[in-house]
2 protein chains.
Amino acid sequence: MTQLLLRTPADVGALIRDRRRVLKLDQADLARMIGVSRLWVNQVEKGKPGASLGLVLRALDALGARPMVDVGAGDASSVPPVVTADIDAIMAAARKWEPKRRDLPDGGT
Amino acid sequence: MTQLLLRTPADVGALIRDRRRVLKLDQADLARMIGVSRLWVNQVEKGKPGASLGLVLRALDALGARPMVDVGAGDASSVPPVVTADIDAIMAAARKWEPKRRDLPDGGT
DNA sequence: GGGTCATGTCAGCGATCGTATACAATCCAA
DNA sequence: TTGGATTGTATACGATCGCTGACATGACCC
């Protein structure tokens, strides 16, 4: 029994896609199960960072995935590295979801 | 070492508030750490369902909380109860975040 | 070739997010 | 009690969400 880490929206998306396939569901099936559009499932599986927490948790639940965290003793001693993480990775992922630029065809100086 | 389950936005909010206090941070501190407003932290801690996945994951990471899921063998046999869960609980929680009604002061018949 | 299914993508639209700012509650120490 | 720090709320505004509906692609089978 492996423990899969969920650190980014992409991780969550990958997990959802995985579980969905294991259960032999297509995007439309899952969408109906959790009460969202097929487009939503499609985008979330691709790591959409702005997806709403509630819907994502519903998706995981519907797929039988129980997200959890280890809560140690409770002392402040439990905060290891945490350096505000990979800013680069975060920015790169976010860039993929930037709004379409339809005007400003001019790159400016 | 206990395993805490994250099934709803309220669960996530409670976890965030807990970890934040253990680390002796106020809402403003945490907000700065993850690059959001203090209001955002305040609302998320209270279980805002529409909070964006990316920001929530950043908050958890900043607090040293690593969300994870157990990935069993991979067989479809791993989807136990899951009956679209507590519709009532979900609706009740969602109701708390309904938009303010500023017009329609008339309740209609 | 023709048909079906699952997936990826686009456009437009109303609803909601997250923000800045301001002010009211609480709490706790002195 | 007084004062400061922390938290809870309210408003308005631009940005983004999630939706519908449509169309294109690719895989697969007939």
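Chain A is the first sequence line, chain B the second, and so forth, proteins listed ahead of strands; every chain is numbered from 1.
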Tell me whether the side-chain N/O atoms of A/N42 come closer than 4.0 Å to OP1 or OP2 in C/dT7.
no
note: A/K96, atom NZ; C/dG8, atom C1'; distance rounded to Å ~ 13 Å
When all nucleic acid strands are considered with a 4.0 Å heavy-atom cut-off, which category describes B/A51: base, sugar-phosphate, or nothing?
sugar-phosphate
So if I take every side-chain heavy atom of A/K48 and compare against D/dC17, C/dG18, D/dG8, which nucleotide ends up nearest?
D/dC17
Side chain to side chain contact (heavy atoms under 4.5 Å, CB included) partners of A/R38, counting only residues at least two apart
A/Q27, A/A28
Which residues pass the side chain to side chain donor-acceptor pair (under 3.5 Å) test with A/R20, sequence neighbours left out?
A/E45
Restricting to side chain to side chain contact (heavy atoms under 4.5 Å, CB included), what partner residues turn up for A/A31, sequence neighbours left out?
A/V36, A/V41
Presence of B/S52 side-chain N/O under 4.0 Å of C/dG18 phosphate oxygens OP1/OP2:
yes
I need the CH2-C1' distance between B/W97 and D/dC17, as an integer number of Å.
17 Å
Grab the CZ-P distance between B/R32 and C/dT19 for me, whole Å please.
14 Å
Using side chain to side chain contact (heavy atoms under 4.5 Å, CB included) as the criterion, list what pairs up with B/V44, not counting sequence neighbours.
B/I16, B/W40, B/A51
Side chains of B/I34 and B/L55: does their closest heavy-atom pair fall under 4.5 Å?
no
Is there a side-chain contact between A/Q27 and the phosphate of C/dC5, meaning an N or O under 4.0 Å from OP1 or OP2?
no
Once you apply a heavy-atom cut-off of 4.0 Å, does A/R21 come out as touching a base, just sugar-phosphate, or nothing?
nothing
Spacing between A/D29 atom CG and C/dT7 atom C1', to the nearest angstrom:
13 Å
Return the value, rounded to whole Å, for the distance between atom CG of B/L30 and atom P of D/dG8.
13 Å
Residues two or more places apart in sequence or in another chain: which of them pass salt bridge (Lys or Arg N to Asp or Glu O under 4.0 Å) with A/D29?
A/R32
As an exercise, state the distance from CG of B/L25 to CG of B/L63, rounded to the nearest 0.5 Å.
7.0 Å
Could I get a table of every N or O pair under 3.5 Å where one atom is in the protein and the other is in nucleotides 19-23 of chain D?
from   : atom 1 : to    : atom 2 : distance (Å)
D/dC19 : OP1    : A/S37 : N      : 3.0
D/dC19 : OP2    : A/S37 : N      : 3.1
D/dC19 : OP2    : A/S37 : OG     : 2.6

List for me each residue that meets side chain to side chain contact (heavy atoms under 4.5 Å, CB included) alongside A/P67, sequence neighbours excluded, and say none if there are none.
A/L57, A/L60, B/L6, B/V69
Partners meeting side chain to side chain donor-acceptor pair (under 3.5 Å) with A/Q43 (sequence neighbours left out):
A/K48
Polar atom pairs between nucleotides 28-30 of chain C and protein, under 3.5 Å, N or O only, would you list them?
none

Length of the NZ-P vector between B/K24 and D/dT6, whole Å:
13 Å
Does A/R17 make a side-chain N or O approach to OP1 or OP2 of C/dG8 shorter than 4.0 Å?
yes
